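Structure first, then comments.
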Amino acid sequence: MAPKRTQTGPDPLLVDLLSLPTAPFCEGYVIDYLRRFCEKRRLSFDTDQAGNVLIHLRRGPKRYRHPVCFAGHLDHPGFVADKMIGPRKLRARWLGGVHAEYFVGSRVRFFDHGDWIRGTVRSISPPARKKRRPVETATIDIAAPVSPHSPGMWDFPDPTIKGNCIYARACDDVAGVAAMLSCIDRLRRKKNAEAYFLFTRAEEVGFVGAISAARDRTIPDQCVVVAVETSSQLPAARIGDGPILRVGDKSSVFTPSATAYCNRVAKELAETDKHFIYQRKLMDGGTCESTAYCQFGYDATGLCIALGNYHNMDTKRRRIAPEFIDLTDYENLVRWFVALATSSSTYDGKDAALIKRLRNLERRYAKLLKESERRL
Ligand SMILES: [Zn+2]
């Protein structure tokens, strides 16, 4: 059955989050939002030594030996203001994966003391050449002076809806963060639920917040980690076809039993919720935080929603553009999170359903295998 189209307008948490300024190492505005969110709801709010945020929520008695920890990142590829080098000229650092040819002439905005200040990229260093080298700094013609350390983003309006999609300055991974908060609000109304929610910093430069969290064991050891992403749509993983269970990324495959657990919970959910659809794919467009969690000894997998104009690159028109996601994919992602935090089937580090299937096959053909062996 086709998924139900969203009729009631987008999740207010999503609209709020997609309106906030953020950039790698400059995630303070999103963190302030999380802090207020927790204060209002009297939820725990902990930070580790890297400034990653951990929220733990439990309703009812302790049920899970291995609760799920959802992990999303707070930043998006962007600029961080360095210093004014002329009355209307700003030098800024660039952090994240956007190809050099997209920069010069593109419009940007910096958030400083409650206001957006607009500008245009004049030049970049190293300059765009045929051989792709990552951009490090940009010189920007700017409308007014900008304070050092202010975050800068591409100049697009607050979120807008077109069809069933929401377009924003940054969906990656602010939409993932919004989905996690939305899940928390739904879990608060449940009698029995448990999950951890980790919000990491500076993913876009190579998930250094997640590496630090994994090293410091910010996530309790017993958790099964589910990294949450928006990930570039691929020919076989399209926008609107449902949230995606990631079996791996560009660098590694994730813990098979953790992936199998998410798959099992999704199947159970699809049986009771006819509007829930999902996909299971290898999303090898980039490397995500699950790789770090796996390498540091956690059982980890990933869930994501397909993203249009990944990292603001409209590759058809070859210009900077808003990112977009499908609102029904988003809603189904939240439902999947809720199911994982409330499921009656618990994670045990094994793929119990697969083991059962293999045992049944073995039993079914055991006699035949033995008898035929004698005739060989
Ligand atoms: Zn990204």
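Every number for a ligand or one of its atoms is a count from 1 in the order of the listing. The structure presented is a predicted model; accordingly, all values stated were derived computationally and were not measured.
- For Glu204, the N, O or S atom with the smallest separation from the Zn ion (ligand 1) is OE2.
- When side chains are defined from C-beta on, Asp326 does not count as touching Ile305, because their heavy atoms never get closer than 4.5 Å.
- Asp172 lies close to the Zn ion (ligand 1), since one of its N, O or S atoms is found at a distance under 2.8 Å.
- Taking all atoms of both residues into account, the shortest heavy-atom contact from Ala321 to Phe156 is CA-CZ, 3.4 Å.
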Using a 3.5 Å cut-off and no angle test, enumerate the donor-acceptor pairs between side-chain atoms of residues 45-61 and protein atoms at least two apart in sequence or in another chain.
{"from": "Asp48", "atom 1": "OD1", "to": "Ala50", "atom 2": "N", "distance (Å)": "3.0"}
{"from": "Asp48", "atom 1": "OD1", "to": "Gly51", "atom 2": "N", "distance (Å)": "3.1"}
{"from": "Asp48", "atom 1": "OD1", "to": "Asn52", "atom 2": "N", "distance (Å)": "2.9"}
{"from": "Asp48", "atom 1": "OD1", "to": "Asn52", "atom 2": "ND2", "distance (Å)": "3.3"}
{"from": "Asp48", "atom 1": "OD2", "to": "Asn52", "atom 2": "ND2", "distance (Å)": "3.0"}
{"from": "Asp48", "atom 1": "OD2", "to": "Thr218", "atom 2": "OG1", "distance (Å)": "2.7"}
{"from": "Gln49", "atom 1": "NE2", "to": "Asp216", "atom 2": "OD2", "distance (Å)": "3.2"}
{"from": "Asn52", "atom 1": "OD1", "to": "Arg201", "atom 2": "N", "distance (Å)": "2.9"}
{"from": "Asn52", "atom 1": "ND2", "to": "Gly209", "atom 2": "O", "distance (Å)": "3.0"}
{"from": "His56", "atom 1": "NE2", "to": "Glu194", "atom 2": "OE2", "distance (Å)": "2.8"}
{"from": "Arg59", "atom 1": "NE", "to": "Arg188", "atom 2": "O", "distance (Å)": "3.4"}

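- Residue contact annotation: Asp173 places no N/O/S atom under 2.8 Å from the Zn ion (ligand 1).
- Proximity of a side-chain donor or acceptor of Arg217 to a complementary backbone N or O of Ala214 within less than 3.5 Å is detected.
- Distances from the Zn ion (ligand 1) show that His76 has no N/O/S atom below 2.8 Å.
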